[in-house]
Amino acid sequence: AQSVTQLGSHVSVSEGALVLLRCNYSSSVPPYLFWYVQYPNQGLQLLLKYTTGATLVKGINGFEAEFKKSETSFHLTKPSAHMSDAAEYFCAVTSNTNAGKSTFGDGTTLTVKP
Amino acid sequence: DGGITQSPKYLFRKEGQNVTLSCEQNLNHDAMYWYRQDPGQGLRLIYYSQIVNDFQKGDIAEGYSVSREKKESFPLTVTSAQKNPTAFYLCASSESWTGANSPLHFGNGTRLTVT
């Protein structure tokens, strides 16, 4: 079984401030982890993914995430928020035993204040 | 550019009517999926298809049906048996069913309102 918990359904930061969106996962086998972003009335776009290898993963738009097995976490960060980062962010997990059936967190809405 | 096209973007229906949502992809992906999204909730899997002429129920398949007659097409029918059909529906694809590390590619969704 696999599951994802995103801590904080809403996060608000000032423009230029650090963005930290939290994701914890549960998986009985080695997980593959993804962060997606969704703008209003649109589909989801891939920000970054962790499969194997380097635990610090860099994605698009300056985002990065670190896979920490001991903490079962995959938090998303960005050093300096832009107004254009305002969106909803979803963490997702899959594994080789559950291929193709991604399990998504409930999402975190990021607000960026000027 | 390759991608997934969902149509229409907005759909309005009366209660008791079946409605079909279109999903077409030109990415040459084997696997296709339908998700339902409700406010404040993550995505929930309705149906998925690994290959043409094959599909499987997801976590919330009741009241829905699909077909996969062509690789590029995976239409979803919301039947009158679906108790709460008003939602945002997302179609997605991935390169291979067996590649768990393949990300999902999403269409821009169809917002269905049933009154």
Side-chain angles (χ1 to χ4, degrees), chain A residues 1-10 21 23-25 27-54 57 59-60 65 67 87-109, chain B residues 3-10 21 23 25 27 29-51 54-61 87-113:
Chain A
Q2 59 190 25
S3 66
V4 172
T5 302
Q6 291 185 239
L7 299 173
S9 58
H10 290 85
L21 304 182
C23 172
N24 287 91
Y25 70 91
S27 177
S28 55
V29 297
Y32 300 124
L33 295 157
F34 305 82
W35 275 101
Y36 294 89
V37 61
Q38 184 181 34
Y39 298 101
N41 293 313
Q42 292 187 24
L44 281 67
Q45 304 170 32
L46 179 69
L47 271 179
L48 49 80
K49 67 177 183 179
Y50 168 78
T51 54
T52 57
V57 180
I60 62 172
F67 171 64
E88 189 159 21
Y89 293 79
F90 292 92
C91 182
V93 62
T94 67
S95 68
N96 282 331
T97 60
N98 207 17
K101 292 180 69 176
S102 299
T103 299
F104 286 83
D106 288 343
T108 297
T109 300
Chain B
I4 298 181
T5 301
Q6 290 188 244
S7 61
K9 189 168 181 63
Y10 298 95
L21 283 58
C23 177
Q25 57 105 352
L27 298 166
H29 284 173
D30 286 326
M32 296 187 74
Y33 312 82
W34 275 105
Y35 286 91
R36 170 181 172 139
Q37 185 178 22
D38 295 284
Q41 297 187 35
L43 279 64
R44 293 183 289 168
L45 183 63
I46 304 172
Y47 267 98
Y48 57 96
S49 169
Q50 302 169 250
I51 57 173
D54 182 67
F55 49 83
Q56 306 294 330
K57 292 182 179 180
D59 301 318
I60 56 164
F88 190 50
Y89 291 88
L90 287 162
C91 180
S93 70
S94 66
E95 281 189 44
S96 167
W97 168 256
T98 58
N101 58 354
S102 296
L104 295 172
H105 297 253
F106 286 87
N108 280 330
T110 291
R111 189 167 298 280
L112 173 63
T113 302

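Per chain, numbering begins at 1; letters A, B, ... match sequence-line order.
Only the side chain of A/Tyr36 comes within contact range of chain B, judged by heavy atoms closer than 4.5 Å. For A/Gln38, the part sitting under 4.5 Å from any heavy atom of chain B is the side chain, from C-beta outward, and nothing else. Interface remark: B/Leu90 contributes side-chain atoms only to the contact with chain A (heavy atom separation under 4.5 Å). Proximity to chain A (any heavy atom under 4.5 Å) is restricted, for B/Gln37, to the side chain, taken from C-beta onward. Only the side chain of A/Leu46 comes within contact range of chain B, judged by heavy atoms closer than 4.5 Å. For B/Tyr10, the part sitting under 4.5 Å from any heavy atom of chain A is the side chain, from C-beta outward, and nothing else.
Residue B/Lys57 qualifies as open at atom NZ: its count of foreign heavy atoms under 6.0 Å is 12 or below.
With a 4.5 Å cut-off on side-chain heavy atoms, A/Cys23 and A/Tyr89 do not count as touching. Residues B/Arg44 and B/Asp38 form a side-chain contact, since some pair of their non-hydrogen atoms from C-beta on lies under 4.5 Å apart. A/Val4 is not listed as a side-chain neighbour of A/Phe34, based on a closest heavy-atom distance of 4.5 Å or more.
Using the six-membered ring where Trp is involved, B/Phe55 and B/Tyr47 have ring planes that are perpendicular, over 60° apart on the 30 and 60° scheme.
Contact tally against chain A (heavy-atom pairs below 4.5 Å) for B/Arg111, B/His105, B/Gln41: the top residue is B/Gln41. Options A/Leu44, A/Thr52, A/Thr51 differ in how many heavy-atom pairs under 4.5 Å they form with chain B, and the most are formed by A/Leu44.
Distance check: B/Asp59 CG to A/Thr103 OG1 gives 7.5 Å after rounding to the nearest 0.5 Å.
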